[in-house]
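Take a look at the structure below.
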Amino acid sequence: MSEAQDHVEAPGPSEMRSPLVREELKRAGVWFGLGITVALLVLLAQPIMLILGALVLTTMMDGGARLLKRVLPISRGWRLAIVLLGVVAFMGWTVYLTGSNLAAQAQAMRHIVELQVGRIGGWAQQLGITTTPEDLKTLGNQALSSLGRVTQAVSTAVGAITSMVMMLVLAIFIAIEPKLYERGVAWMLPMEKRENFYTIADKMGWTLRRLMFGRLIGMLVEGIGTWLLLWAGGVPMAALLGVLTGIFAFLPNIGSIISGILIILVGFSAGTDTGLYAFCVYLAVQMVDGYLIVPMVAKRATDLAPALVLGAQILFGALFGIMGLFLADPIVAMIKVYLEERSKTMAAAKGQRKAE
């Protein structure tokens with residue numbers, strides 16, 4: 001009887017009123033929710049990248065509408081319509097004037113690049129390097145395929161067109177009334193967090209507008225400058241090289257390397273003098289863009305380190321494919337803005353507590 005009287009009952013694992021059980025359930029719920037979040041990010045990687053791409057397009061449309069406001073005192077809807085019509089007209093004009101020529105030049109460029117790669121492989125063999133042209137082609141194919149398997153559907157022509165249409169439509173809907181969607185996101189946050197959210201959202205929008213404006217200016221300068229200079233020097237396929245250089249200029253670091261390789265390969269296919277001229281043109285255009293345009297516009301807005309951007313491009317390209325490669329720079333810029341604003345908020349709260 002004495003042993004029975006000394007025994008004290010305590011809540012077991014099936015007793016929800018136990019503080020220990022409730023604490024362990026909370027911890028398990030956190031880890032379970034984290035696992036579900038990671039799984040959803042992997043499964044929904046492609047839609048997430050499309051939404052982020054739509055936000056970037058929205059920022060570009062909004063920036064164009066804001067610029068028109070300085071000269072056209074009309075409603076935002078009309079200014080946005082003018083921007084969209086201008087983009088469509090420019091694309092249609094470009095395709096109409098250069099579409100057939102660019103298609104023929106693209107086929108010729110593929111043959112020239114393969115021929116030049118074969119020559120480089122033969123020259124390497126003469127120097128005692130065992131790498132063969134087939135190895136170079138295999139390495140190139142592996143590099144392209146390693147850009148990511150998450151967005152394989154986007155790599156096809158139909159998938160690319162469908163994705164672009166979806167992003168464009170979504171961007172138009174958001175650009176028509178961006179404050180509506182901003183308030184909708186803020187509504188899901190606690191009341192005390194909403195003011196900080198609006199501040200961060202405005203800062204992100206301002207940064208992305210500056211970043212995209214600088215990127216567009218760089219694309220125009222590099223594309224048109226490369227086209228005219230190569231055409232003046234008699235380099236084959238100057239128009240196609242100019243268009244490709246302008247498109248690849250959207251990708252800092254990696255884009256300039258890709259366009260430079262194409263320019264040099266095509267230039268040397270027409271002779272040594274033409275190849276050296278093409279190389280000088282590439283250096284001149286990159287210096288103008290790198291030392292004048294980027295520091296004046298994009299770098300002042302984001303102040304991103306080149307190594308950070310390049311590392312983000314490699315990482316996002318491997319994880320999310322070509323979409324991740326294109327969106328690496330804007331994503332890093334938004335993350336940077338969020339971290340800066342959060343650190344300011346935490347510093348202000350800490351100072352307020354010390355004052356109290």
Side-chain angles (χ1 to χ4, degrees), residues 34 37-38 40-57 59-60 139-152 154-155 163 167 200 203-219 222 244-262 282-283 285-287 289-344:
L34 181 61
T37 302
V38 173
L40 288 177
L41 288 177
V42 174
L43 294 175
L44 302 178
Q46 181 178 342
I48 291 174
M49 298 307 294
L50 292 179
I51 293 173
L52 291 176
L55 292 177
V56 173
L57 292 179
T59 303
M60 298 171 70
L139 182 61
N141 293 332
Q142 291 178 353
L144 292 176
S145 63
S146 65
L147 287 178
R149 299 179 178 85
V150 179
T151 56
Q152 289 181 353
V154 183
S155 62
S163 301
M167 283 194 301
I200 294 177
K203 182 65 175 180
M204 283 184 176
W206 180 86
T207 301
L208 284 181
R209 286 194 298 270
R210 294 288 297 271
L211 178 65
M212 292 299 103
F213 177 74
R215 195 71 76 245
L216 290 176
I217 296 298
M219 292 171 67
E222 290 193 31
L244 292 177
T245 301
I247 294 174
F248 287 130
F250 189 84
L251 298 174
N253 305 316
I254 292 179
S256 61
I257 295 174
I258 297 174
S259 61
I261 292 174
L262 293 177
Y282 165 73
L283 290 181
V285 172
Q286 293 301 322
M287 288 179 65
D289 181 65
Y291 289 97
L292 293 179
I293 298 175
V294 173
M296 287 191 300
V297 183
K299 194 173 181 179
R300 287 185 181 181
T302 58
D303 194 23
L304 295 176
L308 176 62
V309 176
L310 180 59
Q313 289 175 348
I314 296 173
L315 178 62
F316 282 95
L319 291 176
F320 307 113
I322 192 67
M323 285 293 296
L325 192 63
F326 273 91
L327 297 176
D329 199 15
I331 290 175
V332 173
M334 288 189 289
I335 294 175
K336 181 175 180 290
V337 170
Y338 171 76
L339 294 177
E340 288 178 347
E341 294 299 321
R342 181 173 176 81
S343 64
K344 292 179 182 178

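Since the model is a prediction, treat every value here as computed from it, not as a measurement. Every heavy atom of this structure was used, including side-chain atoms; hydrogens, water molecules and symmetry mates were not.
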Please name the residue in the list Arg209, Lys203, Met204 that meets the side-chain contact (heavy atoms from CB on, under 4.5 Å) test with Thr207. Lys203
Taking side chain to side chain contact (heavy atoms under 4.5 Å, CB included) as the definition, give me every residue that meets it alongside Leu283, ordered by chain and number, with sequence neighbours left out. Phe279
Please enumerate all residues that pass side chain to side chain contact (heavy atoms under 4.5 Å, CB included) together with Leu327, with sequence neighbours excluded. Met49, Leu52, Val56, Met323, Ile331
Spacing of CE belonging to Met60 relative to CG belonging to Leu211, to within rounding of 0.5 Å: 10.0 Å
Taken in chain and number order and not counting sequence neighbours, the residues that satisfy side chain to side chain contact (heavy atoms under 4.5 Å, CB included) with Ser259 are Thr245, Phe248, Tyr282, Gln286
Between Lys344 and Glu340, is there a salt bridge with N-O shorter than 4.0 Å? no
Closest approach of Thr59 and Gly205, non-hydrogen atoms and distance? CG2-O, 4.0 Å
When you compare the side chain of Met334 with that of Leu208, does any pair of heavy atoms fall below 4.5 Å? yes
Hey, does Leu216 have a side-chain heavy atom less than 4.5 Å from the side chain of Met219? yes
